[in-house]
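Okay, so here's the structure we're looking at.
Residue numbers start from 1 in every chain, and the chains themselves are labelled A, B, ... in the order their sequence lines are given, proteins ahead of strands.
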There are 4 protein chains.
Amino acid sequence: MPAVNSQPRRARSGNQRDEAARLAVLHAADDLLVEHGFAKLTIEAIARQAGVAKQTIYRWWPSKVEILLDTLIEDSEKRFAVPAEKSTEDVIRGYFRGYARFVTRDPAGKVLLALIAEAQHNPGTAKSLHDRYLGPRRELERDLLTRGTEAGEVSPRLDLDAAIDAVVGPIVYRALTGANVPRALVDALFDGQLKP
Amino acid sequence: MPAVNSQPRRARSGNQRDEAARLAVLHAADDLLVEHGFAKLTIEAIARQAGVAKQTIYRWWPSKVEILLDTLIEDSEKRFAVPAEKSTEDVIRGYFRGYARFVTRDPAGKVLLALIAEAQHNPGTAKSLHDRYLGPRRELERDLLTRGTEAGEVSPRLDLDAAIDAVVGPIVYRALTGANVPRALVDALFDGQLKP
Amino acid sequence: MPAVNSQPRRARSGNQRDEAARLAVLHAADDLLVEHGFAKLTIEAIARQAGVAKQTIYRWWPSKVEILLDTLIEDSEKRFAVPAEKSTEDVIRGYFRGYARFVTRDPAGKVLLALIAEAQHNPGTAKSLHDRYLGPRRELERDLLTRGTEAGEVSPRLDLDAAIDAVVGPIVYRALTGANVPRALVDALFDGQLKP
Amino acid sequence: MPAVNSQPRRARSGNQRDEAARLAVLHAADDLLVEHGFAKLTIEAIARQAGVAKQTIYRWWPSKVEILLDTLIEDSEKRFAVPAEKSTEDVIRGYFRGYARFVTRDPAGKVLLALIAEAQHNPGTAKSLHDRYLGPRRELERDLLTRGTEAGEVSPRLDLDAAIDAVVGPIVYRALTGANVPRALVDALFDGQLKP
DNA sequence: TATTAATCGAGACGGTACGTCATGTCTTTTA
DNA sequence: TAAAAGACATGACGTACCGTCTCGATTAATA
């Protein structure tokens, strides 16, 4: 059964990890999740879609969760990075708007929702999700808000983590329950928690 | 493989649905979820644990999600009902405190988290969860808040659904990510959204 | 992937073992061995060819060796039974001629050679082959020769097992090494060992 | 995973074939066959055991059968050569006694049995076994017996190949079926076929 | 004294088959 | 007619080897 993606691909590079295979797996996982849902996201299907041997997947990823984390981390960085420099009110507000857009309208955001979901079923997923995604990102978010607070741009009503959860929580919860998250709602949450 | 739960049980009742079998399935599902996690919650395992034939499960429930919804609805009603009468500030505040307790500390609350999770993987689950649980409950929550607003006990900053999500969202999000939800946090959310 | 053998087949018979499935497996094993050789005789291929689930095979046979033993026992009985009644010289001589024909010219005889071969690779196969085929058959052969000796029809030069091996050994050895076994050779072995 | 056999070994010899690697492979194959049986005799296991890269094996041997043939030919020559000079009755009788000892009691004899077995599963093996082992050896055996016949030391009842098979066949057959081959049996076969 | 060419260990790769498990459907037997 | 029992086709799981390949290192013969 040949690869589904058609480009010539594959300059097999001997002893070294094959970057083309790595990308094929990540894209296949992404595609399958978006097109057919998590239930159809099996290792066999990924291998089939990517034109890759199952063993190649098992060699590099301990589970499909880690594959999804890899795609999530890459996609998040591109579409949804935590601003590392400026901490003005508008930048911070824009970050949360971007968050809402990511989890409700960007196909890549489905990966985050799927991983939060999977973490309920599987303690290992929970740990990986925290260690590799939620934890590091939260660190950056805290930095962002700390800098904003010091600059007098924002002023959280609650302790930092609680304040972030008070904004992010409703966004994610609505995404998980299939509701939309209009920009006005994000702004209201932001104003309520960070601009009082 | 005989039933795990030991009582003699089962006066097989021919013509009528066997209530003992129904209860055995619900308890088995609950037990398995709490003790071994969602991953081990298979139809086969439920049948084994309940000492029931698979077909008996398939006859009465279209999927294991509906089994869990049955247990969730029963358990919610017992431990976590939406107050139908009084709508004082304290009652409403108490309701959200109960919500937080349910999803973070009550084993039965794990069922709700598991169903929210499963809904990400499976559109049918999403529909059932809304139609049978989230929707009806939200209706009651809206009533509760409406009565509270009319009585001048609370005064939501946002439209009703958004206001409820602004309180429930952070609670559920923290539960989903394994964080605790101290009573003080619930109170702060409540005060911020409903008492301004 | 549908069954290869085409008849409508399969009136699935619920609680009871499905005889059609059993036969389909035996025939598929036989066919594959004869047409493609032992190397292609995998459980997956048998399942495919028989239009049967792998699990159905694993449910009833501990290994493909036992499948082959089943076919060998049935086929041997039909084509190559040990004469149970008469023990005249001609009957006994005819038996050994039949033996030679079976292992060198009958496709079903390939199964015996394959099992002797597999027994070298696998102690479990060796045990099964003895317990289910070689042992019982040797018992009957000993009876046959004992009756023949008592009737004065034959007179073995060696003890019974050695005498039988002195005739059967060359036949099987030549079959295993791809040589033919002409009738005259069988007769010469018979005359040399049993008619001196 | 380092080599299992411990000596420092291997002064990698650049341009030339590495004799140490060749021997390591042969010994590893022998060891694995004797200690763990044919089933565990995989190319990967040989490479592991020998501390050699798989490619080194594939470079020099087309299959593991050829490896075994190499060891068999060397070991046969040492322990079990066809007498090239004298052809007295005792020498010939001794040869067959040695044959029996080799296939039933010498670990190296297991290799011959394994190859006869493998030849049933694989036509390529059958050809190699004949071309490189059975054929040349049979040639020598015919010479031996021819010289013995001319010297009046033996007098076969059958044509040469049949006579040899009438002695060797029972020996090998009993070895294949796990029976012992006492010296007296060899002598009886020898006397019956070659001394009448 | 470089350069070339073949060897070696290592190990990634696309595959096939393994034996196990859960799915949802079906049938028989028992009460 | 409900329920226990369990056979069945389907298909994913994670593992083991297959035979091919490409690397970087080593070493002998050649230029």
Side-chain angles (χ1 to χ4, degrees), chain A residues 1-3 10-18 20-22 40-45 47-48 50-60 62-64, chain B residues 1-3 10-18 20-21 40 42-45 47 51-60 62-64, chain C residues 1-3 10-18 20-21 40 42-45 47-48 50-60 62-64, chain D residues 1-3 10-18 20-21 40 42-45 47-48 50-60 62-64:
Chain A
M1 201 55 43
R10 198 62 42 78
R12 282 244 235 78
S13 38
N15 213 359
Q16 239 67 31
R17 176 164 187 181
D18 183 343
R22 188 185 139 264
K40 292 291 177 67
L41 188 73
T42 66
I43 298 279
E44 304 238 328
R48 221 158 28 227
V52 140
K54 272 201 302 177
Q55 187 55 49
T56 297
I57 298 181
Y58 285 109
R59 192 173 2 252
W60 298 109
S63 73
K64 70 186 174 194
Chain B
M1 197 53 46
R10 197 64 41 75
R12 281 235 244 79
S13 41
N15 212 348
Q16 235 73 26
R17 175 164 188 183
D18 183 344
K40 293 291 176 68
T42 65
I43 297 279
E44 303 243 327
V52 141
K54 276 200 303 177
Q55 187 55 45
T56 299
I57 297 179
Y58 283 109
R59 186 166 12 242
W60 298 109
S63 74
K64 71 186 173 194
Chain C
M1 198 56 41
R10 197 62 42 77
R12 281 241 238 76
S13 38
N15 213 359
Q16 239 69 31
R17 177 164 187 181
D18 184 344
K40 292 291 175 69
T42 65
I43 297 278
E44 304 237 329
R48 228 166 11 236
V52 141
K54 273 201 302 177
Q55 187 55 49
T56 297
I57 297 180
Y58 284 110
R59 192 176 358 253
W60 298 110
S63 74
K64 70 187 174 193
Chain D
M1 197 57 42
R10 197 65 41 76
R12 280 235 243 81
S13 40
N15 215 355
Q16 237 71 29
R17 175 165 188 182
D18 183 345
K40 293 291 176 68
T42 65
I43 297 279
E44 304 241 327
R48 219 157 32 225
V52 141
K54 274 199 304 176
Q55 186 54 46
T56 299
I57 297 181
Y58 284 109
R59 191 173 2 250
W60 298 109
S63 74
K64 70 186 173 192

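Distance from the side chain of A:Arg48 is smallest to F:dA12 among F:dA12, E:dG19, F:dG19. Listed nucleotides: F:dC17, E:dA10, F:dC13. Nearest to the side chain of D:Ala53: E:dA10. The nucleotide whose nearest atom lies closest to any side-chain atom of A:Arg59 is, among F:dA12, E:dC18, E:dC13, E:dC13.
When the P atom of F:dA12 is taken as reference, atom CD of A:Glu44 falls 6 Å away, rounded to whole Å. F:dC13 atom P lies 6 Å from atom NZ of A:Lys64, rounded to whole Å. Spacing between atom CD1 of B:Ile57 and atom C1' of F:dA3 amounts to 12 Å, rounded to whole angstrom units. Taking atom CD1 of B:Ile43 as the reference point, atom P of E:dT25 lies 11 Å away to the nearest angstrom. Distance D:Arg17 CZ to F:dA29 P: 17 Å, rounded to the nearest Å. With rounding to whole Å, C:Gln16 atom CD is found 14 Å from E:dT27 atom P. Here F:dA5 presents its P atom at 13 Å from NZ of B:Lys54, a figure rounded to the nearest Å. The nearest whole Å value for the distance from the CG atom in D:Asn15 to the P atom in E:dA5 is 10 Å.
Residue C:Thr56 places no side-chain N or O under 4.0 Å from the OP1 or OP2 atom of F:dA7. Contact annotation: D:Trp60 side-chain N/O to E:dT7 OP1/OP2 distance is not under 4.0 Å.
Note that CZ of D:Arg48 is 6.0 Å distant from OG1 of D:Thr42, once rounded to the nearest 0.5 Å.
Donor-acceptor pairing under 3.5 Å, judged by distance alone, is present between the side chain of D:Gln55 and the base of F:dC21.
Mapped onto DNA chain E by nearest heavy atom, A:Arg22 and B:Tyr58 fall at different nucleotides, with A:Arg22 at the one closer to the 5' end. Nearest-nucleotide mapping onto DNA chain E: of B:Lys40 and C:Thr42, the residue sitting toward the 5' end is C:Thr42. If D:Pro62 and A:Pro62 are placed on DNA chain F by their nearest nucleotide, the residue sitting closer to the 5' end is A:Pro62.
Nearest approach of C:Ala21 to C:Val52, heavy atoms of both residues: CB-CG2, 4.1 Å.
Applying side chain to side chain contact (heavy atoms under 4.5 Å, CB included) to A:Trp60 and the options A:Arg17, A:Gln55, A:Arg22 leaves one that passes, A:Arg17.
Not counting sequence neighbours, B:Lys64 has no partner by the salt bridge (Lys or Arg N to Asp or Glu O under 4.0 Å) test.
For the pair B:Thr56/B:Arg59, a side-chain contact is recorded, criterion being any heavy-atom separation below 4.5 Å from C-beta on.
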